[in-house]
Structure formats: structure tokens, C-alpha cells
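These notes are about the structure you will find just below.
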Protein chains: 2
Amino acid sequence: MQESLTMLKNSARVDWREARRQSARATVLAAAWEMVRADGLAALPLRDLARHAGITTPTVYAYFDSKNAIFDAMFGEAAESFADSKVELVDKGDHYENLAADAKNFIEFCVSDVARYQLLFQHSVPGFIPSPQSYAPAVRALELTREQLARYGVRDPRQVDVWTALLTGLVDQQISNDPGGDRWTRLVDDVVRMFLTHCSREEDHS
Amino acid sequence: MQESLTMLKNSARVDWREARRQSARATVLAAAWEMVRADGLAALPLRDLARHAGITTPTVYAYFDSKNAIFDAMFGEAAESFADSKVELVDKGDHYENLAADAKNFIEFCVSDVARYQLLFQHSVPGFIPSPQSYAPAVRALELTREQLARYGVRDPRQVDVWTALLTGLVDQQISNDPGGDRWTRLVDDVVRMFLTHCSREEDHS
DNA sequence: GTCTATAGCTGGATAGAC
DNA sequence: GTCTATCCAGCTATAGAC
């Protein structure tokens with residue numbers, strides 16, 4: 001009896017501390033996202049990050065083992081966001097509408113946060129490799145995409161790859177050559193029509 | 001008479017020295033390309049570069065004003081190579097063949113040297129902006145591409161943008177998700193057919 | 001022009017007091 | 001857990017002898 005009460009109190013205190021800890025980690029990560037959004041993924045010195053988060057450099061190490069651990073946590077958050085952006089989509093009735101909505105959703109996800117896109121999809125932090133835990137939601141989201149495409153009539157793995165190439169192509173050109181504009185993203189309806197026509201012709205041939 | 005002879009000898013000596021200088025610069029640049037091809041654009045410390053080129057760090061500064069000047073010269077070389085890769089193409093008779101050849105040529109140019117691709121098209125060296133002189137051949141090459149597409153029947157600027165998005169999409173997916181493989185590059189014929197069909201339908205509608 | 005030596009800076013990470 | 005102070009490694013760039 002006494003023992004179980006002690007355990008309860010201990011676990012409650014542990015939970016409370018753990019919550020504080022998670023909250024502090026989240027504060028640091030929020031500051032990190034602000035900085036990379038403003039100045040790019042490369043511009044994230046721990047000193048500046050700590051100052052932005054209202055703490056000092058050693059304190060950062062109370063919450064993260066290393067700088068790579070920070071990138072890993074950011075990758076995890078980005079992957080979670082990506083997965084979340086997928087499940088929100090609702091069936092609109094026909095394949096074109098569904099695919100167009102999916103495409104616009106993906107493009108918006110990417111161009112609205114270039115740093116996040118580069119971290120998640122372009123492996124552009126030198127020497128950083130995401131841990132399996134952080135990578136898992138990204139895999140889940142890609143699997144969701146595959147399933148959605150299948151529901152929308154796209155089942156050939158080659159066509160799935162064409163689809164991802166189409167979308168990332170629009171995104172990359174937009175980001176690289178017209179940042180902040182819509183020169184490429186506005187082509188999405190054209191491109192979706194092009195893709196669907198192509199897929200239906202391929203099906204006829206098989 | 002004496003004077004003009006002196007001038008001749010002086011200018012000859014100047015030319016000779018200038019040739020030596022250009023040769024030395026080329027040696028450094030060749031070493032730089034080797035290093036970035038092996039370890040990425042970020043991995044180019046001047047110490048290692050100098051050692052690779054068989055000289056010491058201060059000597060590098062005898063040929064280049066700064067590290068950015070080295071990147072600028074590399075950008076210029078990459079842009080020249082890109083322009084050269086364009087003019088080699090010959091007319092094969094029909095639009096599909098010509099476009100497919102153009103596409104394969106571009107894709108091969110990109111995936112055969114990822115570092116060059118990233119430097120030239122992805123602006124991925126933090127803080128580096130190419131000088132107008134280095135940028136000029138890149139502009140020329142893009143203009144060549146536009147003209148070639150026009151000859152092959154693609155004149156709508158929107159379709160030109162779709163074309164560049166298609167190709168960079170294949171390249172980016174290939175580089176990011178299957179480096180060294182051909183999972184996306186092998187889709188090029190499919191994609192060219194898709195694009196051409198789409199363009200001809202758009203024309204019918206106008 | 002080429003070297004040795006080093007300045008000057010910035011970065012990640014740690015020691016140790018509190 | 002949080003700080004002050006500091007270490008140490010790496011980088012670009014320069015000074016000055018030869």
C-alpha cells in the first residue's frame with residue numbers, strides 16, 4: 001500500500017518532469033524552425049539558436065545530445081506534418097478532382113516552408129541521416145500517398161514514380177527559379193490533366 | 001623600332017605568363033571538381049584543395065581572390081559545359097525523337113555530375129551568387145533550349161515551363177531517392193510521350 | 001610566386017560552480 | 001538544470017621571408 005502510493009507519486013513526478021522537458025524541447029525546436037525558415041538550413045549555430053530560445057548553449061545540451069539530434073527531431077516533426085497533411089484529404093468524387101487536390105496540397109506543403117522541404121526530401125544537411133524513429137512517419141506518409149493514388153486509379157508503380165517526379169519538378173522549379181511566386185505552381189491543373197490522360201492511355205494499351 | 005620590338009617582347013612575355021597563370025588556375029579548378037564530385041559541394045576546404053592541387057593555401061590566393069571566386073569559376077565552367085551540351089544535338093527528323101534526345105541529353109548531363117548540377121541549378125552553396133560573367137553562358141544555354149523547343153513545336157511559354165519541370169523532376173527524384181540508379185531516368189520516354197500528347201491537345205484547343 | 005607561420009574568427013561541445 | 005567560462009577543432013585569409 002505504502003509502496004504503491006510511493007510509486008504513484010514517483011510516476012506522477014516523473015510525468016510532470018517529462019512534460020516540462022518535452023515543453024522545453026518544443027521551445028528550442030520552435031526557435032530552430034524560425035531560424036531556418038528565415039535564413040536557410042545551413043544557418044543554425046547553436047549559440048544563436050540558444051539565444052533565440054531564451055537559454056544558453058549548454059542548456060541546449062540538456063535537451064539534445066548533439067546538433068544532429070536537433071536536426072533529427074526537426075526531421076521527425078516535418079515528417080509528422082507531412083503525414084498529417086495527407087490524412088486531411090477527402091474524396092471529391094472523381095479522379096481528376098482528387099488528384100488535383102492531392103497535388104495542390106503537396107505543393108502547398110512544400111513551397112510554404114522551403115527549409116522543411118529541403119530537410120525532408122532533399123537530404124540537404126551535410127552529414128545528417130535521420131534516425132529510423134524520425135523516418136518512420138515519412139515512410140507512413142509515402143505509403144498513404146501510394147494508397148491514395150491507387151484509389152484514384154493510379155496503380156502502376158512506374159506511373160506513381162512519374163507522379164512524384166511531376167510534383168517535385170514543379171516544386172523544385174518554383175523554389176529555385178521563382179521563389180515566392182507562382183510561375184510553376186499555377187501549372188498544376190495542366191499537369192494533372194496531362195498525367196491522367198497519359199495514365200488512361202497506358203491502361204488502354206495493357 | 002626599338003620601342004615596338006620591346007613592346008612585342010613585353011606582350012609576348014605577358015601572354016606567356018598569362019598562359020601559365022590560366023594553366024595553374026585550371027589545375028586548381030580540376031582538383032576542386034574532383035573533390036566536390038567525391039564528397040559534395042560543402043566539402044571543399046582550401047587546405048585540402050591546395051594539397052590536392054599540389055600547392056599550398058596561400059598560393060591558391062595567387063590565382064583566386066577568395067573561395068567564392070573559385071566557386072564562381074566553377075560555376076562558369078559548369079555553365080559552359082551546359083551550353084556545349086546543347087549545341088551538339090542534331091535534328092533527327094521528328095519532334096518526338098528530337099525531344100527525347102534533348103531530354104536524355106539533359107538528364108545525363110545532370111546525373112553524371114551531381115555536384116555540378118547542384119551548383120548550376122540549385123543554388124546550393126550558402127552565400128554564393130554567380131557573377132554576371134559566369135552566369136552569361138547559362139543564360140545563353142537556356143535561350144538555346146527555348147529555341148530548340150520552339151523548333152520541335154513547343155512554343156507556349158507555359159508548356160516550356162512544364163517541360164523544364166518534367167526534366168528537373170526526374171533528375172531530382174533520381175538524385176535524391178535512387179542515386180546511381182535509373183528508377184526515374186528510365187521513365188524519360190514515357191514522360192516525353194506524355195508531354196507531346198498533352199501539347200498537341202492543347203494546340204487543338206486553341 | 002611560393003613557401004612557413006599564424007592571425008582571426010566561428011563553430012560544436014564540455015567543465016565546473018551554483 | 002542553468003549558468004559562466006573555456007576548450008578545441010576547423011575554416012578563410014594574410015604577413016613576411018625567400
Side-chain angles (χ1 to χ4, degrees), chain A residues 10 13-32 35-36 38-75 115 119 124-129 131, chain B residues 10 13-32 35-36 38-75 115 119 124-129 131:
Chain A
N10 277 346
R13 189 169 59 207
V14 165
D15 285 354
W16 181 81
R17 283 191 179 169
E18 184 59 21
R20 293 281 296 176
R21 182 184 165 79
Q22 289 306 322
S23 162
R25 279 175 60 100
T27 303
V28 173
L29 289 179
M35 290 177 65
V36 297
D39 299 324
L41 274 178
L44 191 63
L46 287 185
R47 290 197 219 315
D48 299 1
L49 171 57
R51 193 166 43 78
H52 247 80
I55 55 179
T56 59
T57 310
T59 307
V60 175
Y61 282 90
Y63 299 117
F64 299 94
D65 287 342
S66 67
K67 187 170 185 184
N68 262 1
I70 297 176
F71 278 123
D72 198 53
M74 294 174 77
F75 187 97
L119 177 63
S124 63
V125 177
F128 165 65
I129 299 171
S131 66
Chain B
N10 277 347
R13 190 167 59 204
V14 165
D15 286 353
W16 182 81
R17 282 191 179 170
E18 184 59 22
R20 292 280 295 179
R21 182 183 166 79
Q22 290 306 323
S23 161
R25 279 175 61 100
T27 302
V28 173
L29 290 179
M35 290 177 65
V36 296
D39 299 322
L41 274 177
L44 192 63
L46 288 185
R47 284 193 240 290
D48 300 1
L49 171 58
R51 194 166 42 78
H52 248 79
I55 56 179
T56 59
T57 310
T59 307
V60 174
Y61 283 89
Y63 299 118
F64 298 93
D65 287 343
S66 68
K67 188 172 183 180
N68 263 0
I70 297 175
F71 278 123
D72 199 53
M74 293 174 78
F75 187 97
L119 176 63
S124 62
V125 177
F128 165 65
I129 300 170
S131 65

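All heavy atoms count here, side chains included; hydrogens, waters and symmetry mates do not. All values derive from a computational prediction rather than experimental measurement. Chain letters run A, B, ... following the sequence lines, proteins first and then strands; every chain starts at 1.
- A:D65 has its CG atom 15 Å from the P atom of C:dG12, to the nearest Å.
- Remark: B:T59 is in phosphate contact with C:dC3, judged by side-chain N or O atoms under 4.0 Å from OP1 or OP2.
- Rounded to an integer number of Å, the gap from CZ of A:F64 to P of D:dG1 is 13 Å.
- Counting all heavy atoms, side chain and backbone alike, A:A62 lies closest to A:R21 at O-NH1, 3.1 Å.
- Rounding to whole angstrom units, CE of residue B:M35 and C1' of D:dC11 are separated by 13 Å.
- Regarding contacts with the backbone of D:dT2, every side-chain N or O of A:Y61 stays at 4.0 angstrom or more from both OP1 and OP2.
- Atom CZ in B:F128 sits about 17 Å away from atom C1' in D:dT12, given to the nearest Å.
- For the pair B:T56 and B:A50, the tightest heavy-atom approach, listed with the atom from each and the gap, is C-CB, 3.5 Å.
- At least one side-chain heavy atom of B:L44 sits under 4.5 Å from a side-chain heavy atom of B:F71.
- At a threshold of 4.5 Å between non-hydrogen side-chain atoms, the residues B:I55 and B:V28 count as touching.
- What you find for B:N68 and B:G127 is that their closest heavy atoms are ND2-O, 3.8 Å.
- Residues A:I70 and A:L49 have side chains in contact (heavy-atom distance under 4.5 Å, counting atoms from C-beta outward).
- For DNA chain C, the residues of residues 66-73 of chain A within the heavy-atom distance limit of 4.0 Å (strictly under) are A:S66, A:K67, sorted by number.
- Rounding to whole angstrom units, CG of residue A:L46 and P of D:dG10 are separated by 17 Å.
- The two residues A:P45 and A:M35 have their closest heavy-atom pair at CD-CE, 4.3 Å.
- Nucleotides of DNA chain D nearest to A:P58 and A:A62 differ in position, and the one nearer the 5' end is that of A:A62.
- Picking from D:dC3, C:dG1, C:dA13 the nucleotide with the shortest atom distance to the side chain of B:Y63 gives C:dG1.
- Between B:D72 and B:F64 the shortest side-chain heavy-atom distance does not fall below 4.5 Å.
- Closest to the side chain of A:T57, out of C:dA13, D:dC11, C:dG12, is C:dA13.
- When the P atom of C:dT2 is taken as reference, atom CZ of B:R17 falls 12 Å away, rounded to whole Å.
- Counting heavy atoms from C-beta on, the side chains of A:R51 and A:R47 never come closer than 4.5 Å.
- A heavy-atom distance below 4.0 Å to DNA chain D is reached by these residues of residues 47-56 of chain A, ordered by number: A:I55, A:T56.
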